[in-house]
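Okay, structure first, notes after.
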Amino acid sequence: MAGPFPEFHTKDLPVYPSDLFIEWINIAIEEGVYEPHTMTLSTIDESGAPDARILILKNVTRNKWYFATSATSRKREQLKSNRRVALMFNWSTIDRQIRIRGVASKMTAEASSRDFLERSSEAREIALLGNQSKEMIHREDIDKELLKTRVLLKQTPNIVRPTWTLYEVDANEVEFW
Ligand SMILES: Cc1cc2nc3c(=O)[nH]c(=O)nc-3n(C[C@H](O)[C@H](O)[C@H](O)COP(=O)(O)O)c2cc1C
């Protein structure tokens, strides 16, 4: 961390934390923060143990933050038993962090399909592999499977992975640091 860092005045804050979040992520983009739209999603498993991983922020609306994932993933199992989550953005080069706590809800199949089709073709190829959260098999086998999904995508460009699921996180606490 080198600074100088963007200033933060607590006077005249917007009414909704999501508006301040949008201001801050725009500053992060202007300041050249690497992948500012990536965040950590923390969940809790059935035994009460925490888990965390990096995800892409898909959208923000009034106090709601969105992510998408596969319904066959480990996090999906965890969200089935406990919908309480935390999101964390760390923009260390501008010395900023945002912590969000809230409840995740599944969006409709239509919204999930729309999100899937908005992904790049490379991201759709990977998502179509369907091996999320599984132990990695041999690299050559993955490459062979990727070739198959590439062909499938060329033949049926509007194919949607049925297990792809968009979630919204309804925030009940947002901390700007
Ligand atoms: C930069 C980056 C972005 C990622 N974005 C997503 C994402 O948007 N959705 C997703 O399901 N996994 C994403 N992943 C993979 C997850 O971090 C994780 O490995 C995967 O979802 C399996 O997690 P789980 O076993 O806890 O369910 C991303 C990984 C990285 C490194």
Side-chain angles (χ1 to χ4, degrees), residues 1-71 73-108 110-124 126-127 132-133 164-177:
M1 288 187 287
F5 301 117
E7 291 182 8
F8 175 35
H9 301 289
T10 49
K11 266 197 313 154
D12 306 324
L13 289 177
V15 176
Y16 298 104
S18 47
D19 290 339
L20 185 58
F21 175 88
I22 290 166
E23 267 178 39
W24 277 36
I25 199 168
N26 280 327
I27 292 171
I29 293 165
E30 280 163 22
E31 295 286 330
V33 170
Y34 180 67
E35 298 189 340
H37 62 306
T38 55
M39 59 189 181
T40 301
L41 166 76
S42 300
T43 47
I44 301 164
D45 74 12
E46 274 182 347
S47 71
D51 204 352
R53 79 289 287 153
I54 303 286
L55 294 187
I56 289 171
L57 172 70
K58 304 310 298 260
N59 197 10
V60 183
T61 60
R62 189 168 289 176
N63 289 351
K64 292 190 167 75
W65 279 257
Y66 297 81
F67 67 86
T69 193
S70 161
S73 67
R74 187 158 68 179
K75 71 182 93 45
R76 167 70 180 124
E77 287 308 307
Q78 295 166 349
L79 288 167
K80 267 193 214 160
S81 62
N82 192 334
R83 291 166 49 223
R84 292 165 74 189
V85 298
L87 300 174
M88 212 276 290
F89 293 83
N90 169 32
W91 300 325
S92 61
T93 52
I94 56 168
D95 202 26
R96 283 188 166 175
Q97 159 185 271
I98 301 176
R99 297 163 73 188
I100 299 164
R101 302 174 85 198
V103 177
S105 306
K106 251 169 58 166
M107 303 293 289
T108 61
E110 291 74 38
S112 300
S113 301
R114 228 178 298 125
D115 176 79
F116 189 86
L117 292 171
E118 281 169 7
R119 288 165 65 91
S120 68
S121 56
E122 291 80 14
R124 275 178 288 152
I126 293 168
Q132 198 169 74
S133 305
W164 194 249
T165 312
L166 185 66
Y167 282 85
E168 71 174 21
V169 175
D170 196 351
N172 45 45
E173 193 181 322
V174 185
E175 180 196 85
F176 294 84
W177 194 91

First locate atom [atom1] of [X], then atom [atom2] of [Y], and finally report the distance between them rounded to the nearest 0.5 Å.
| X | Y | atom1 | atom2 | answer |
| --- | --- | --- | --- | --- |
| Phe116 | Thr165 | CZ | OG1 | 11.0 Å |
| Arg124 | Arg119 | CZ | CZ | 9.0 Å |
| Ile25 | Ile27 | CD1 | CD1 | 11.0 Å |

Exercise. Is there a donor-acceptor contact under 3.5 Å from the side chain of Trp65 to the main chain of Leu57?
Worked result: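 No, Trp65 side chain to Leu57 backbone: no donor-acceptor pair under 3.5 Å.
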
For this session: Without swapping roles, check the side chain of Asp115 against the backbone of Ala111 for a donor-acceptor pair under 3.5 Å.
Result: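 Here the side-chain-to-backbone pair does not exist.
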
Exercise. Should we count NZ of Lys58 as having more than 12 external heavy atoms under 6.0 Å?
Worked result: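 More than 12 heavy atoms, drawn from other residues, nucleotides or ligands, come within 6.0 Å of this atom.
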
For this session: State whether the number of non-hydrogen atoms from other residues, nucleotides or ligands found under 6.0 Å of Arg76 atom CZ is greater than 12.
Result: yes

Problem set entry | With sequence neighbours excluded, residues passing ring-ring contact (aromatic ring centres under 6.0 Å, His included) with Trp24 | Phe8, Phe176

For this session: Show the numbers, then the answer: is there a side chain to side chain contact (heavy atoms under 4.5 Å, CB included) between Asp95 and Trp177?
Result: CA-CA 8 Å; Asp95 202 26; Trp177 194 91; 4.2 Å; yes

Problem set entry | For Arg99, all residues meeting side-chain hydrogen bond (donor to acceptor under 3.5 Å, both in side chains), sequence neighbours excluded |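 For Arg99, the residues satisfying side-chain hydrogen bond (donor to acceptor under 3.5 Å, both in side chains) (neighbours in sequence not counted) are Glu175.
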
For this session: Would you please name every residue forming a side-chain hydrogen bond (donor to acceptor under 3.5 Å, both in side chains) with Ser105, sequence neighbours left out?
Result: Arg83

Problem set entry | Arg74 with Glu77: basic N within carboxylate O range, under 4.0 Å |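 Salt bridge absent between Arg74 and Glu77.
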
For this session: Mind running side chain to side chain contact (heavy atoms under 4.5 Å, CB included) on Tyr167 and Leu79 for me, showing each step along the way?
Result: CA-CA 10 Å; Tyr167 282 85; Leu79 288 167; 3.9 Å; yes

Problem set entry | Worked check of side chain to side chain contact (heavy atoms under 4.5 Å, CB included) between Lys75 and Leu55 | CA-CA 11 Å; Lys75 71 182 93 45; Leu55 294 187; 3.8 Å; yes

Closest non-hydrogen atom pair between [X] and [Y], with its separation:
| X | Y | result |
| --- | --- | --- |
| Met39 | Tyr66 | CE-O, 4.0 Å |
| Ile94 | Glu31 | CG2-CB, 3.6 Å |
| Asp19 | Pro14 | CB-CB, 3.7 Å |
| Gly102 | Asn172 | CA-ND2, 3.8 Å |
| Thr61 | Asn59 | CG2-ND2, 4.0 Å |
| Trp91 | Pro36 | NE1-O, 3.0 Å |

For this session: Would you please test Thr40 and Ile54 for side chain to side chain contact (heavy atoms under 4.5 Å, CB included) and show each step?
Result: CA-CA 4 Å; Thr40 301; Ile54 303 286; 3.8 Å; yes

For this session: Using salt bridge (charged side-chain N to carboxylate O under 4.0 Å, His left out) as the criterion, list what pairs up with Glu35, not counting sequence neighbours.
Result: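 Glu35 satisfies salt bridge (charged side-chain N to carboxylate O under 4.0 Å, His left out) with no other residue.
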
Exercise. Is there a side-chain contact between Leu20 and Glu23 (heavy atoms, below 4.5 Å)?
Worked result: yes

Listed pairs under 3.5 Å, donor-acceptor, residues 41-49 side chains, sequence neighbours left out:
from, atom 1, to, atom 2, distance (Å)
Thr43, OG1, Arg53, NH1, 3.0
Thr43, OG1, Arg53, NH2, 3.3
Thr43, OG1, Gln78, OE1, 2.6
Asp45, OD1, Ser47, N, 2.8
Asp45, OD1, Ser47, OG, 2.8
Asp45, OD1, Gly48, N, 3.1
Asp45, OD1, Ala49, N, 2.9

For this session: List for me each residue that meets side chain to side chain contact (heavy atoms under 4.5 Å, CB included) alongside Asp170, sequence neighbours excluded, and say none if there are none.
Result: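 Residues passing side chain to side chain contact (heavy atoms under 4.5 Å, CB included) with Asp170: Lys64.
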
